[in-house]
Amino acid sequence: MILRYILLFLFAVGFCSIAQAQLDSIQNLDEVILSDSKLKIYGAGIKIEKLNDSVITKNATSLTSLLSFNSNVYFKENGFGMVSSPSFRGTGASQTAVIWNGININSQLNGQTDFNTVNTNNFGSITIRSGGGSVQYGSGAIGGSIHLNNNLKFYSHFNNSIRLTYGSFNTKTSYISSSYGNSKLSLNVGVASVNSDNDYKYLGTDRVNENGAFENLSINVNMGYFLSEKDILKLYHQSYDGERLFSGTLVAPSNSKYEDNTHRTLLEWNRISGKLSSKLKLVHLFEKFKFFENKTTDIYTFGKVSTWLLNYNLNMRLSNKLQFRTITEVSNFRGGGSSFGDPNRTAFSTTALINHKPNKQFEYNFNIRKDFTSDFKNPLLFSVDGAYTLSKYYTIQFNGSKNFRIPTFNDLYWKPGGNLDLEPEQSYQFDLGHNFRLKSFDFKLNTYYINTKDLIQWRPNSSGIWQPINVAKSLSYGLEIEEQSTLKINKNQHLSFKGRYSYTISENQETKKQLIYVPFHKGNLSVAYSNKAFSMYYQHLFNGEVAIIGDRLEGFNVGNIGIGYLFNKKGKTQYDINFRINNLYNKNYQNVSLRPMPNRNYQILTTIKF
Amino acid sequence: MKLNKLLVVTLFLGLFFTSCSNDDDNTPQEPKGDYENGILISHEGNFGKGNASVSFVSFDLSTVENNVFNAVNAELLGDTAQSIAFNGDLAYIVLNVSNKIEVVNRYTFESVTTIDTGLNNPRYIAFLNGKGYVTNWGDGTNATDDYVAVIDLATNTLESATISVVEGPEEIIATNTAIYVAHKGGFSQNNKVSVIANTSVSTTITVGDVPNSLQLDNSGNLWVLCGGKPAWTQAETAGQLFKINTSDNSTTSIDFEGMQHPSFLSYDDGKLFYYLGGEVYSMTSSSTALPTTSIISDLTFYNMTVNDGVLYGVDAKDFASNGTLTSYDLSTNTEVNSTTLRIIPAGIYFN
């Protein structure tokens, strides 16, 4: 255990020449190289939950369904596969940052990530970091951040895997990947595709989900190479190409289509030299969308942004107890689109992080950041977090921070309405966490407080034109409970249980009313049982009632069940077959008002590893 | 001839705009329904959110019944109620985003039929000689597919032939012989009024930029209030008030000063009313100059209408909370009553 801890620590700071014999399974190796080491070392006081490969593959359709059932994050989904936006701790979609291998990839156009455009198959692990993180992760990390990580494995291997699913509504997904490595080189390549007619039945009516078909293709290539014992070069690339028809509502038909493209490339040079380690990153991000009001014509509106980013990261281990890091980043964003000409923006940020472990029980971090942007002024950001281990069984975590969200390209430049006088949203947050850990039982209780001012909202101005202004204030507070336990029944049989519940108050400070689409109550649980090669699981989601404009939308319960069998478990070539029923109780429910979600549906998943 | 025309126009206006409360008949009549003798307010609701509704309000604003269509017919009205128009005992509720027209009995609000084929971004409807004429933007992003759909009022079904028109047909009004369509411009800006006789455009009249409202007066003139192009287009123009003589379609106009953008033209008893910069202005229709002072100020109207010496204005507030309806006595220009309605009240009609 201690050995593993040390290893993890060493690798977290980027020391990568590992003795593979000491690690007993692939599972551990997954954790060996986190592309984003800030998550671990400068985050002792932050609630972090990691979803590993096995959880990801069970929920292989989209990031929305993965996180709905496996985190406290709440989603607003415009019908299955359509635009999906998260609400983390009562905040909005643009206050949740999505981080790809350490880089914030929220759209520069609307400040959000559509969680149905992220194919989870592409990632080795997905980490949920609750609470403010703007110091480390920049704009939008207010409620929390979702981290999509690709892992590089430096040991001798050559593995291939083919994963195929077929399900109701002619939904097909495939993921083909190949991973090769030795002590100097690591290379993995994956191609993922999804396509679906998505013409599910609207329960309680004689209609189906019309104009809801979607398909997407994504490719990822990740490579690492030791130039010398001290230098490692890493390359991460991902391309995504999606086409969706946007379905209508129960009272409005739709004939529209949406195409989106993203390309992300990260080239990183790590150098570890004694107590100093440095990372130089060069990043290119590209996003583009085309919206066709009428899918049968070729008339469309579009928006695109190309981002170049240079980031230098220097870590100094002053002693075993104290380390210090500086991050300097310069970025340039060039946009273009039907509704805003060709704006461009340059930003510079500088960050300092200090990690101190005065003794074995206590560890804390103090971080500050300042951004300089060509269009507006930015606040000085800071965060403090710490963890105190009171006993083997109990750790207390705390963190407090000031975070921000910058105005998006749409907010600034949209015609009509774009407002160049906007300032970033500012938010203070505090979080207190209790972690109880027994042998096969983990329990976390977090309480938090988030106070946000200068919230950007679009409102009609005196001439009737919608315009964004820094107008609203919101206050969110609540609690989150997470429980995890595993039970080894005997040598072959395991039972595991995970449950989460969150209670969220998120009020508009003007009206003192709960914000729309923030449920007071959300909970989920999953139970998994395995006996040798056989496994089964059940997942349940409870989503409480939410306020919508002028009305309420009732809450719902949905359950999924799955069984699986792994053939040739010990052999070189393994076959895994799974059968899954989604919406087991055939519940008629809506995530967003008037946009029904699918009826009971079935899915077969097979994986071949060789 | 002129007198005859005047009579017809007056009769038409009577049918179209005034309430049935003016019946001088003293013998008690069977009420035609719960929603007779009052004001109907159409609520757009939020675009794409399917929360359009209609409220019934008494003339003194003391009683309000919201969600009338839903209450009577046990179904949702639809998405973005753009306008309502009356023909006989029927009300035609035009739902822009739902691409449909709900036809109901105007007094009971019981559903008669739903016209939900052949419409694409429908906006307004007018009636002439047994036909209903519906302005449609077509696809908002397509400047060349705009049309006027024709409904056979005997069957309330759409006729297969449509009338192709220039971009952005918005308000529509019928004289006794022709249909006039104001082309506000849809997503863009336009400056035309189309004249439709039978099933084709007979004349296209150029007016000011962004013709946003139409009114017929007692002398056979069609008044067209043009808002002008807004500043964000970077080709800003000031508003203009156009008068079209419907006998020969000749025009005269008055320019607004500076970069003023007026809207919500109303007509009542020989006077024109319009809204500009949070204030209401009034002028006699014979005036050749615009008024320099307003009659009511400090307003945030989303729409307004004048009826029988009373001005009714709706305020959509922040578009996410309940809006209001307020009435003003035009003999004193003071507020009389105010009441809270639903999300985005937008159209005011007298039943």
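First the proteins, then the strands, lettered A, B, ... as listed; each starts at 1.
Atom CG of B/Asp145 is separated from atom CD1 of A/Ile299 by 7.0 Å, given to the nearest 0.5 angstrom. A distance of 11.0 Å separates CG in B/Asp79 from CG in A/Leu250, rounded to the nearest 0.5 Å. We find the CD-CH2 distance between A/Gln467 and B/Trp232 to be 13.0 Å, quoted to the nearest 0.5 Å.
A/Glu259 CD: more than 12 foreign heavy atoms inside a 6.0 Å radius. For CZ of A/Arg459, the number of neighbouring non-hydrogen atoms (other residues, nucleotides, ligands) closer than 6.0 Å is greater than 12. Dense packing is recorded around NZ of B/Lys100, with more than 12 heavy atoms of other residues, nucleotides or ligands lying under 6.0 Å away. When the shell of 6.0 Å around NZ of A/Lys304 is examined, it contains 12 or fewer heavy atoms from other residues, nucleotides or ligands. In A/Lys473, the NZ atom is not crowded: 12 or fewer heavy atoms of neighbouring residues, nucleotides or ligands sit closer than 6.0 Å.
Between B/Asn120 and A/Asn255 there is no side-chain heavy-atom pair separated by less than 4.5 Å. Looking only at side-chain heavy atoms (C-beta outward), A/Ile549 and B/Asn51 come within less than 4.5 Å of each other.
Heavy-atom distances place the side chain of B/Asn121, and not its backbone, under 4.5 Å from chain A. Interface residue A/Thr297: only side-chain heavy atoms are found under 4.5 Å from chain B. At a 4.5 Å heavy-atom cutoff, B/Glu75 makes no contact with chain A through either its backbone or its side chain. If you measure heavy-atom distances from B/Asn46 to chain A, the contacts under 4.5 Å come from the side chain alone.
Across every non-hydrogen atom of B/Gly50 and A/Val251, the tightest pair is CA-CG2, 3.5 Å. When every heavy atom of A/Pro253 is checked against every heavy atom of B/Ser98, the shortest pair comes out as CD-O, 3.5 Å.
Residues of residues 506-520 of chain A having a heavy atom under 4.5 Å from any heavy atom of chain B: none.
In this structure, B/Thr141 contributes its side chain and A/Tyr300 its backbone to no donor-acceptor pair below 3.5 Å.
Interface summary for chain B: among A/Ala252, A/Gly248, A/Gly550, A/Pro416, the most heavy-atom pairs under 4.5 angstrom belong to A/Pro416.
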